[in-house]
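Per chain, numbering begins at 1; letters A, B, ... match sequence-line order. Everything numeric here is computed off the predicted structure, so don't read it as measured data.
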Amino acid sequence: MRKQAPNVEIDLSALQRKDKGAFARLVDAHSPQIYRLGLKMLGNEQDAEDVLQETFIKAYQNIESFEGRSKISTWLYRIALNESLMRLRKRTDAQVDLDAGIETDDGEIIPRQIVDWCCLPEKELMSHESRQAIQRAITALSDANRAAFLLRDVEGLSTREAAEVLEISESALKVRLMRARLKLRELLTEYFSERMPESTP
Amino acid sequence: MNHQHHTNCQDTIQQLNAYLDDELDPQLCAQLEAHLESCTDCHIVYNTLKKTIQLCQSDGEEVALPADVRQRLLASLGLGEVDDTE
Ligand SMILES: [Zn+2]
């Protein structure tokens, strides 16, 4: 179901010799995922393209520092995320912490919107307008929770891999993932419940 | 919408993620499933949470790398099939 980078043979020694053919293969194998991560992290095409270019320029410059202990995709995702986070920090519009509000004082998340919108037709759920709502909801997450969510649920990394990319513990990753998912559910429920057919009480 | 969140519901919500990821131990799984059977609110949260994840995945799968973005990327790395127009 989830699309992951095809498992192309990476010739590390060729990459470290800065072999252009080997690097072109690396770029083609991983650029769609890196572009998607940047797009979902930053919310627009221009930033996604900048992150994509920066990621591979840095990868090319620093390939010697990749030791091959983790997957090369993990390493590329980490570069791309750092690049994305740097851009987000530079943005002038202050980030409102929208993760607050559904949390109690002890950090528990209480679902507020209880409407079952799953019965809506798939065509409606994946319409252009709905997909814009999905992106708005993803953008509304805190940077840390958004990164955890995108790596696990959109890029399809395992808990261990996602934690490795973010350099946090697996339990910290799970907490971020849970908050992200519940918050997204809340926001999408707000959006889709307005699109439910009128029901008689 | 106002509904009472008793301990059982709170526990259920906290465990939903592990459940969705098949990481919940079998005994807790059985308890959680029993609760979902009997509690409409938690059942709706479960359904919509699962659907939320699924929609975000489908949305991500629709993202493709545009051909012009790929060309500019290759060009910026000196791997271009297009001329570097700087
Ligand atoms: Zn319940």
Against chain B, label A:S130 side chain, backbone, both or neither, depending on which of its atoms sit under 4.5 Å from a heavy atom there.
neither
Checking A:L188 against chain B: side chain, backbone, both or neither under 4.5 Å from a heavy atom?
side chain
Under 3.5 Å donor-acceptor, A:E124 side chain and A:P121 backbone:
no
Looking at B:V63, is its backbone amide N or carbonyl O close enough to the side chain of A:R36 to form a donor-acceptor pair, meaning the two atoms are under 3.5 Å apart?
no
Is it the side chain or the backbone of A:I134 that comes within 4.5 Å of chain B heavy atoms, both, or neither?
side chain
Inspect the contact between A:E164 and A:R160 and indicate whether a charged nitrogen and a carboxylate oxygen are less than 4.0 angstrom apart.
yes
Proximal to chain B - members of residues 60-67 of chain A, heavy-atom separation under 4.5 Å:
none
Based on non-hydrogen pairs under 4.5 Å, which of B:D59, B:L65, B:L77 is most in contact with chain A?
B:D59
Nearest-0.5 Å distance, OG1 of residue B:T48 to CD of residue A:E186
8.5 Å
Please determine, among A:C118, A:A137, A:A48, A:P32, the option with the most heavy-atom pairs under 4.5 Å with chain B.
A:C118
salt_bridge(A:R25, A:D28) N-O dist < 4.0 Å:
no
Quick check on A:L39 against chain B: is it the side chain, the backbone, both or neither that has a heavy atom closer than 4.5 Å?
side chain
Contact class of A:E122 relative to chain B, heavy atoms under 4.5 angstrom
side chain
Among residues at least two apart in sequence or on other chains, which ones pass side-chain contact (heavy atoms from CB on, under 4.5 Å) with A:R136?
A:Q132, A:A133, A:Y191
Contacting moiety of A:K20, where chain B heavy atoms sit under 4.5 Å
both
Could you list the residues that satisfy side chain to side chain donor-acceptor pair (under 3.5 Å) with A:K18, not counting sequence neighbours?
none
Contacts of A:A14 that satisfy side-chain contact (heavy atoms from CB on, under 4.5 Å) - sequence neighbours left out:
A:D11, A:R17, A:D19, A:A22
Heavy-atom donor-acceptor pair, A:T74 side chain to A:S70 backbone, under 3.5 Å
no
Could you tell me which portion of B:A64 (side chain, backbone, both or neither) has an atom closer than 4.5 angstrom to a non-hydrogen atom of chain A?
backbone
With no hydrogens and no angle check, just 3.5 Å: does a side-chain donor-acceptor pair link A:D47 and A:N44?
yes
